[in-house]
Amino acid sequence: MVEITNENGFLSTYFGSGGSLDDLPRPYLEELERQWNEWLRHEYASTGELREAWSPGEVIGGDENMLEAPRSAPRLQVAGQAAAELTETRGPTGELLRTVTVSRPSDQGWHVQVLWPAIAIRQGTVYELKMRLRANRRETVVLSCGQDHEPWGSLGLWQQVPVGPDWREHVVYFTSSESDAPNAGGQGGGRISLTDLPKDGFQVSVAGASLRRAAVYGLPTDEALGGAAWVLKRDWFRRTVPCRLDALRFMRDAEVTYYKDMVAYLHGELGVRMPVTGTAIGNTPPHVAAETVDFLDSHNYWQHPVFPGRPWDRNNWYVRNVPMVNDPAGSTITDLAGRRVFGLPFTVSEYNHPAPNDYRAEGFALLAVYGAWQGWDGLLTYTYAHQDWESDQVTTFFDLKADPVRLAQQPACSHAFRGGGLGPAPRRAAAELSLQQRVQHMTEGRPWNFAPNAYLGGVDRLAWQEAQLGIAVPGLGSPQRTNEAADVQWQVGADGRGFVSFRGRDCAGLVGFAAGRTLEAAALSLSPGPTSLDGFSVVTINAVEGQQLGAPGRYLITAVSRCENRGMGWNAERTSVGTDWGEGPTLCEGVPLTLNLPAGRSARVYALAPDGSRRGEVEASAQDGAVGFQLGPRYRTLWYELVIGN
């Protein structure tokens, strides 16, 4: 397989939170504007026609500062384990300066934030938020507008901005995603916040905060057809919708042309015979890929590391320590399933549940099971090692090299995805997205996952649990293979704990909080026991010789829960170890597991060594008319071999 560019695209870079295309060096900006104006000349015959086309929606800005007195002053919110204070001083010109000083940090950005009083926000209105900021060191903070009440959702603004030792004025524009206003009792409404502040020893000052209704314009009076400036991302919401639609159409056309030219060059002039894709879906829209490349590809990570300060600062990061199995709607499977286009091969070439998340054992098993259930075409785990291939300890987020719970599952997951009889699902849930739907979604300017997905076409967000999910594109085929026999279930109990059970022709398993549950698979039953993660484990059984479950032959049983290095320097929230990853060798927890077969069956179980050889036999017992085996930590292994005789 060939990928033209990794996690890059014209549209995704434009909509990225950094707005990096706004700062193109002049020669590149001049070329962009040349192509932009050439495109406009094909669409419009004159300056007057262009001005008229872009004029609907123009408004004059407002003068009222919605953050100004007589409303009460902003307040400091401190939550969790964080500690901070807010002080007020006067600047040299008498201007009021408010300074936040953090004395105890937190890994949750909202644990320290400055909140302005709730105000009325109107859906579709464009706002200009302005404030000057200064900090004791270079960091990033967030300006946001959100609900001042449960569920505390966003109202259209969440913008990272850089701060440092010099005063800098920040101006951001946004369109409210919905209306929200305080009621007669003063409850409700939207609020502006300066957030993501709880960084160790951090100090930030704010002055001159204002929120006004912004002016919205189409073609500026000093511009003409052939000399129109490029639409900068920071001005996106200040431009009329017709102007934004044209900018989107131009960027989309440019991406399509680029990928078509590159694919033709690779296959034609260079003679590349492997299938070619452009970039990961999410960095390009699915429909662009469907028009241009041989197959679609995507990437995803559950609880990717977050770096509150400098990007990839190995001393200042956190990974939320939560299991995905408790959250099917918010899972990576939901995201990935919505990106597939029916009729084209679909692969996931980067995937992981990064360390040190205690529940990372669930990651590859869930990907393999639902990749098979969805009928996807290829899965690649990221990554075995960046360096030091012989290390005996986990040293970073993604490397699998010394991580027993992720490595030990590779054979079972590969078998389940490629030939375990788990899919595809017996029916199809297809979304049809009109051009208007796709473009309207992108006009909202969402960073990273801006690309339209199947859920915009009215498909239920959990449809992938019962059916093959994807986007239907005219002219492309639909999946043909189905499997009526497979049983794949993702359930979340009343206590909020989730588990997945699956049974295919020659594999089965439990993923999640499975302690006390029994998986019946043909003539076998597996019952995981308690673990230190409240019963969380991943237990799978795979036929080794192609036989159906329960038939005579050899089977691989994999049972994992969690692992960690010796002496890891965990923070209080157990979300980060900074640079203190501890020492090797990595320690892993064995899973208590009861295996039962019907009476009269000849069976033996062996604990396996790391190289797959037999290390010792597990004693069998007869109970309640069945042949039973008690597997668990005393065998000091994650792998067992089951041999069922004739």
Inter-residue atom distance Arg340.CZ - Asn453.CG, 0.5 Å rounding:
13.5 Å
What do the steps show when you test Arg320 against Asp107 for salt bridge (Lys or Arg N to Asp or Glu O under 4.0 Å), and what is the final call?
CA-CA 9 Å; Arg320 291 185 65 226; Asp107 62 10; over 6 Å; no
Val293 versus Gly278, closest heavy-atom pair with distance:
CG1-N, 3.4 Å
Using salt bridge (charged side-chain N to carboxylate O under 4.0 Å, His left out) as the criterion, list what pairs up with Asp534, not counting sequence neighbours.
Arg497
Donor on one side chain, acceptor on other, Asn352 and Glu350, under 3.5 Å
no
Heavy-atom nearest pair, Thr5 first then Thr279, reads O-OG1, 2.9 Å
Just by distance, no angles: are the side chains of Thr575 and Asn321 close enough, under 3.5 Å, to form a donor-acceptor pair?
no
For Arg505, give me all partners under salt bridge (charged side-chain N to carboxylate O under 4.0 Å, His left out), at least two apart in sequence or on another chain.
none
Tell me, please, which residues at least two apart from Gln491 pass side-chain hydrogen bond (donor to acceptor under 3.5 Å, both in side chains).
none
Contacts of Ser298 meeting side-chain hydrogen bond (donor to acceptor under 3.5 Å, both in side chains) (sequence neighbours excluded), chain-then-number -> Arg339
What verdict does the side chain to side chain contact (heavy atoms under 4.5 Å, CB included) test give for Arg562 and Glu589, after you've listed the backbone C-alpha separation in whole Å, the side-chain angles of each residue and the deciding distance to 0.1 Å?
CA-CA 6 Å; Arg562 60 181 287 262; Glu589 177 179 354; 3.3 Å; yes
Does Arg636 have any salt bridge (charged side-chain N to carboxylate O under 4.0 Å, His left out) partners at least two apart in sequence or in another chain, and if so, which?
none
For Ala289 versus Ile281, what's the shortest heavy-atom pair and its separation?
CB-CD1, 3.6 Å
Would you indicate whether the side-chain heavy atoms of Ser561 and Leu533 approach each other to under 4.5 Å?
yes
Please check: side-chain N/O of Asn326 versus main-chain N/O of Gly498, any donor-acceptor pairing under 3.5 Å?
yes
Please confirm whether the backbone N or O of Asp399 pairs with a side-chain atom of Arg406, one donor and one acceptor, at under 3.5 Å?
yes
Surrounding CG of Asn646 (heavy atoms of other residues, nucleotides or ligands, distance under 6.0 Å), is the total greater than 12?
no
Without swapping roles, check the side chain of Trp639 against the backbone of Ala408 for a donor-acceptor pair under 3.5 Å.
yes
From CZ (Phe307) to NE2 (His304), nearest 0.5 Å
7.0 Å
Contacts of Asp327 that satisfy salt bridge (charged side-chain N to carboxylate O under 4.0 Å, His left out) - sequence neighbours left out
none
His386 and Tyr382 aromatic ring geometry - parallel, tilted or perpendicular at 30°/60° bounds:
perpendicular
Given the side-chain rings of Tyr370 and Trp376, with only the six-membered ring counted for Trp, is the space between their centroids under 6.0 Å?
no
Would you please classify the geometry between the Phe397 ring and the Trp312 ring as parallel, tilted or perpendicular, with 30° and 60° separating the classes?
tilted
CD/Glu545: more than 12 non-hydrogen atoms of other groups inside 6.0 Å:
yes
Are Thr332 and Tyr351 linked by a side-chain donor-acceptor pair shorter than 3.5 Å?
yes
Trp570 side chain to Ser576 main-chain N or O, any donor-acceptor pair under 3.5 Å?
no
For the pair Thr292 and Met262, evaluate side chain to side chain contact (heavy atoms under 4.5 Å, CB included) and give the outcome as yes or no after the intermediate values.
CA-CA 9 Å; Thr292 58; Met262 285 297 295; over 6 Å; no
Less than 4.5 Å apart, any side-chain heavy atom of Leu336 and any of Leu367?
yes
Qualifying side-chain hydrogen bond (donor to acceptor under 3.5 Å, both in side chains) pairs, either residue in residues 590-612, two or more places apart:
Thr594-Gln630, Arg604-Tyr606, Arg604-Glu617, Asp611-Ser613
Any donor and acceptor pair, going by atom type alone, linking the side chain of Arg614 with main-chain N or O of Ala609 inside 3.5 Å?
no
Taking Asn8 for the side chain and Asn6 for the main chain, is one N or O donor matched with an acceptor at less than 3.5 Å?
yes
Do other residues, nucleotides or ligands put more than 12 heavy atoms under 6.0 Å from the CZ atom of Arg418?
no
side-chain hydrogen bond (donor to acceptor under 3.5 Å, both in side chains) pairs, two or more places apart, involving residues 549-559:
Arg554-Glu641
May I ask you to check whether Thr586 and Glu564 show a side-chain donor-acceptor distance below 3.5 Å?
no
Partner residues of Tyr635 under the side-chain hydrogen bond (donor to acceptor under 3.5 Å, both in side chains) criterion, sequence neighbours left out
none
What are the two closest non-hydrogen atoms of Asp506 and Gly419, and how far apart are they?
OD1-O, 3.3 Å
Can Glu255 and Thr284 be counted as having a side-chain donor-acceptor contact under 3.5 angstrom?
yes
Stepwise side chain to side chain contact (heavy atoms under 4.5 Å, CB included) check, Val263 with Ile4:
CA-CA 8 Å; Val263 171; Ile4 294 172; 4.2 Å; yes
Using modelled atom types and a 3.5 Å cut-off, is there a donor and acceptor pairing between side-chain atoms of His353 and backbone atoms of Trp302?
no
Which residue pairs pass the ring pair (Phe, Tyr, Trp, His ring centres under 6.0 Å) test with at least one member in residues 493-539, sequence neighbours excluded?
Tyr359-Phe536, Phe513-Phe536
What distance separates Arg427 CZ from Gln468 CD, expressed to the nearest 0.5 Å?
10.5 Å
Kindly compute the distance separating CD (Glu362) from OG (Ser537), expressed to the nearest 0.5 Å.
11.5 Å
In Å, rounded to the nearest 0.5 Å, how long is the span from CG of Leu469 to CG of Asp460?
9.5 Å
Applying side-chain hydrogen bond (donor to acceptor under 3.5 Å, both in side chains) as the test, list every pair that has at least one member in residues 517-529; sequence neighbours left out.
Thr518-Ser527
Residues that Trp464 engages under side-chain hydrogen bond (donor to acceptor under 3.5 Å, both in side chains), provided they are two or more places apart:
Thr334
With no hydrogens and no angle check, is any side-chain donor or acceptor of Ser12 less than 3.5 Å from a backbone partner on Gly9?
yes
Between Asn565 and Val394, is there a donor-acceptor pair closer than 3.5 Å when you use the side chain of the first and the backbone of the second?
yes
Looking just at side-chain N and O atoms, do Glu7 and His299 make a donor-acceptor pair shorter than 3.5 Å?
yes
To check you understand the geometry: which heavy-atom pair defines the closest contact between Thr637 and Ala607, and what is its length?
CG2-CB, 3.9 Å
Which heavy atom in Leu549 sits nearest to a heavy atom in Cys507, and how many Å separate them?
CD1-O, 3.5 Å
Keeping the roles fixed (side chain from Asp294, backbone from Thr277), state whether a donor-acceptor pair exists under 3.5 Å.
no
Value rounded to 0.5 Å, distance of NZ in Lys401 from CG in Leu407
11.0 Å
